[in-house]
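Here is the structure we will look at.
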Amino acid sequence: MSAAAAIPAACGGFRPRAAEEQAEVVANAAVNAEYRHLVVSCSALAAGAAPGQFYQLLCPAPPGEAPYLRRPMSLYGADPAARRIEFLYKVAGAGTRGLATLRPGETLQMLGPLGQGFRLDPAWKQVVAVGRGAGLATLGPLAEAAQRAGIGVTAILSARRPELVLSDALFRARGATVLTVTDAEGTSGPAHVERLLRGLMAEGRCDAFFTCGSARLLRVQQSLARAFGLPGQVALEQQMACGLGMCFCCVRDFNIDGAIVQKRVCRAGPVFDMMEALP
Amino acid sequence: MTDLSVRIGGLTLANPVMPASGTFAEGLGEVIDLDRLGALVTKTITRELRAGNPLPRVAEVTGGMLNAIGIPSQGVPYLLEETLPLYRRWTPPLVVSISAPTVEGFATLAAEVSVAGVAAIEANISCPNIEEDGRAFAMRAASTEAAVRQMRAATGLPLWVKLTPNTGEIAEVARAAEAAGADALVVANTILAMAIDLQTLRPRLGNVMGGLSGPAVKPIVLRQVYQCARAVRVPIIGCGGIATAADAAEYMLAGASAVQVGTASFINCHAMVEVIEGLARFCEARGIARIAELTGALRQEEADEDDLSWVSPAP
Ligand SMILES: Cc1cc2nc3c(=O)[nH]c(=O)nc-3n(C[C@H](O)[C@H](O)[C@H](O)COP(=O)(O)OP(=O)(O)OC[C@H]3O[C@@H](n4cnc5c(N)ncnc54)[C@H](O)[C@@H]3O)c2cc1C
Ligand SMILES: Cc1cc2nc3c(=O)[nH]c(=O)nc-3n(C[C@H](O)[C@H](O)[C@H](O)COP(=O)(O)O)c2cc1C
Ligand code: FES
């Protein structure tokens, strides 16, 4: 057998659904004391992501450290026409410290888009997005998708201090109403957020919940959704090695009609039916 | 052009490169063309329904990672009804990896998975995450022999036996597997290991102990492939820390007829494709007509001419 027969031509009919490529860094600047905004230029396939989907990033090694596995990072913004995508990430450990060293013009190996994103039901008129921490990055692209679908959004953005609130400008730019709650101001507790949510529900501004980044706030929304029969979606985080459903390290328990079922967050999620999630 | 095909105990593979069990699933087919691989290997299944280990199931360490996934398994019906039909769309032979807590369990499962669509069975008698304290059948020759003999009697399919690196007697274990009827040996599974978080003073794996894989294990497992190749005549499939064609070429020179790529696919989905292309280039550059000629071609006697291979070592 010849090598040509053994190795079919690289492009012979095969169409990847996720791109693995060297993206080029366009910008990578700090947005506050903890988070950075990374913009890369990439292929059309990589740029064709839906809100809630994520990428696996091969972070460069920062001085003295050697992250080995890729790091999962949510889509923060996508511009398929310009072939650009954006990430908003917190510098947390070796991998994200490495990401922070990237300069414009350098390359970043990445794989994506991966996983199941948020779904918007055209029947909804007004939805609520509740996020905290890195969850604010994950919820960000929902603003534009909802605006395009003609769905109004109220975003409740939670952070430790006012200056650490993220995505507020992005939500406002897409016509969303933004409420910020912070630990510093004593407004981020579950009781206060529940009052805000009940207020929105009373005004008919909550056909569905979207949430990410806080188990406490997830529980608040689950109990409201259960009590009022409202749908919701949650984006979950879990440590990931492969991001493609191969290694089974990212499983979580879910409550499916009363039975506890394990699912892989990278494959069945990261966005799940809010009522199935066990916080 | 180099002939990349290899024969592994009754099966002819289009090339010697395939995924390692537990590091591969159909999801990879969304990124690379799986038809380019020499074979496809499933995650290990057991007859018993298993939930797997507590989290965290993986931890990063220098030069690789630890895993203690714990073989979550949905049993034989799931394999027959879901997994096998799913893989029908790809052409490389499908190898099904199995494990069991007892010798009889291995034999029953081997019989149950001997169905159309399965080209070979890989018996994972080496998983450090199934038994207590990382024990495994493949740690000793006697338990290896017993498990393989019963499986041999239970299936007519090619039987690949996956050995553990966690033994001081790998050559004896290899000989026992061969004597009991193994058609090929996969060398090897992960190295039993652990890591501790200095912030919390807790183990970094939910299972405390787990298996080390990735570049860090390569020199150790390469040595074990060499030892096994000297001990048996059945083909050996090298597996441990292979990320590049150079790694794969080393394994073949040490005695492997084929290779499996595991952890490397987590950080580079194209690793296997790159290994295939790199091996082809390596053979062409050296005028090797058949890749199978690489197997065991390690030179140990003194050369007459200066060996200048170090001048351009990379495939
Ligand atoms: C689907 C998904 C989307 C995400 N999106 C974002 C985002 O948009 N912005 C953002 O700032 N962060 C996001 N995260 C969290 C981000 O992946 C982690 O902060 C990052 O992996 C930390 O890596 P590190 O090396 O800096 O930290 P370390 O603590 O050194 O990481 C050690 C290991 O733990 C894993 N890990 C640590 N924290 C997390 C975490 N919270 N979730 C999953 N794995 C973790 C790492 O991947 C690595 O394998 C997301 C996580 C997931 C699962
Ligand atoms: C996350 C993970 C899961 C694994 N699961 C299995 C498994 O189910 N069965 C098995 O025989 N080996 C399993 N292995 C071991 C690999 O097949 C392989 O033997 C080992 O990782 C060494 O190769 P590598 O260094 O190329 O990864 C697993 C390895 C990893 C990293
Ligand atoms: S990260 Fe590997 S299965 Fe989800």
Side-chain angles (χ1 to χ4, degrees), chain A residues 1-22 45-46 56-59 61 65-71 93-95 109-115 238-253 260-267, chain B residues 1-5 12-16 19 22-36 38 43 51-53 55-65 67-72 91 214-216 262-263 265-270 273 276-277 279-281 283-284 290-291:
Chain A
M1 194 191 298
S2 73
I7 307 178
C11 48
F14 174 70
R15 293 256 175 288
R17 288 208 272 145
E20 186 176 61
E21 62 189 30
Q22 299 289 340
L45 177 58
Q56 283 276 77
L57 308 183
L58 188 67
C59 305
E65 295 176 294
Y68 179 74
L69 297 169
R70 292 191 280 214
R71 285 355 188 208
Q109 189 246 48
M110 64 174 206
L111 168 69
L114 300 170
Q238 195 66 293
Q239 188 185 15
M240 294 181 179
C242 73
L244 279 171
M246 308 197 286
C247 72
F248 283 84
C249 82
C250 66
V251 296
R252 285 177 82 120
D253 286 340
I260 301 299
V261 176
Q262 271 194 353
K263 293 187 187 185
R264 290 163 292 180
V265 171
C266 71
R267 198 99 185 127
Chain B
M1 287 259 214
T2 306
D3 174 0
L4 291 183
S5 69
T12 300
L13 311 183
N15 66 67
T23 65
F24 167 74
E26 72 281 4
L28 192 66
E30 293 170 11
V31 188
I32 65 162
D33 183 359
L34 301 184
D35 281 337
R36 297 183 66 180
K43 167 91 187 155
N53 284 330
L55 272 59
R57 290 178 170 186
V58 298
E60 229 178 31
V61 294
T62 308
M65 64 181 280
N67 89 82
I69 306 292
I71 317 274
T91 49
T263 308
S265 294
F266 293 170
I267 58 171
N268 175 13
C269 293
H270 286 82
V273 173
I276 296 167
E277 290 173 350
L279 282 174
R281 275 198 306 275
C283 290
E284 262 156 51
R290 297 173 51 248
I291 198 166

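Of all the listed residues (B:Ala51, B:Gly214, B:Ser265, B:Pro56), the one sharing the greatest number of non-hydrogen pairs under 4.5 Å with chain A is B:Ala51. For the set B:Gly22, B:Gly64, B:Pro72, the entry with the most heavy-atom pairs within less than 4.5 Å of chain A is B:Gly64. For the set B:Val273, B:Ile291, B:Thr62, B:Val58, the entry with the most heavy-atom pairs within less than 4.5 Å of chain A is B:Val58. Note: A:Arg71 leads A:Arg71, A:Gln238, A:Glu65, A:Arg252 in heavy-atom pairs under 4.5 Å with chain B.
Proximity of a side-chain donor or acceptor of B:Glu60 to a complementary backbone N or O of A:Leu69 within less than 3.5 Å is detected. With hydrogens and angles disregarded, no donor-acceptor distance shorter than 3.5 Å links the side chain of A:Glu20 to the backbone of B:Val31. Side chain of A:Gln109 to backbone of B:Ile267: a donor-acceptor contact under 3.5 angstrom is found.
We find the CG-CZ distance between B:Leu34 and A:Phe14 to be 7.0 Å, quoted to the nearest 0.5 Å.
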Next item on the list: Might you work through the side chain to side chain contact (heavy atoms under 4.5 Å, CB included) test for A:Met246 and B:Thr23, ending with a clear yes or no?
Entry: CA-CA 5 Å; A:Met246 308 197 286; B:Thr23 65; 5.9 Å; no

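Of all non-hydrogen atoms in A:Tyr68 and B:Pro215, the two that sit nearest each other are OH-CD, 3.3 Å. Across all non-hydrogen atoms, the minimal contact from A:Cys247 to B:Ile69 is O-CD1, 3.1 Å. The two residues A:Cys242 and B:Phe266 make their nearest non-hydrogen contact at CB-CD2, 3.5 Å. Minimum heavy-atom separation, B:Ala25 to A:Gly245: CB-O, 3.8 Å.
Annotation: side chain of B:Leu55 is not in contact with side chain of A:Gln239 (no heavy-atom distance under 4.5 Å). Considering only heavy atoms from C-beta on, B:Cys269 comes within 4.5 Å of A:Leu244 through its side chain.
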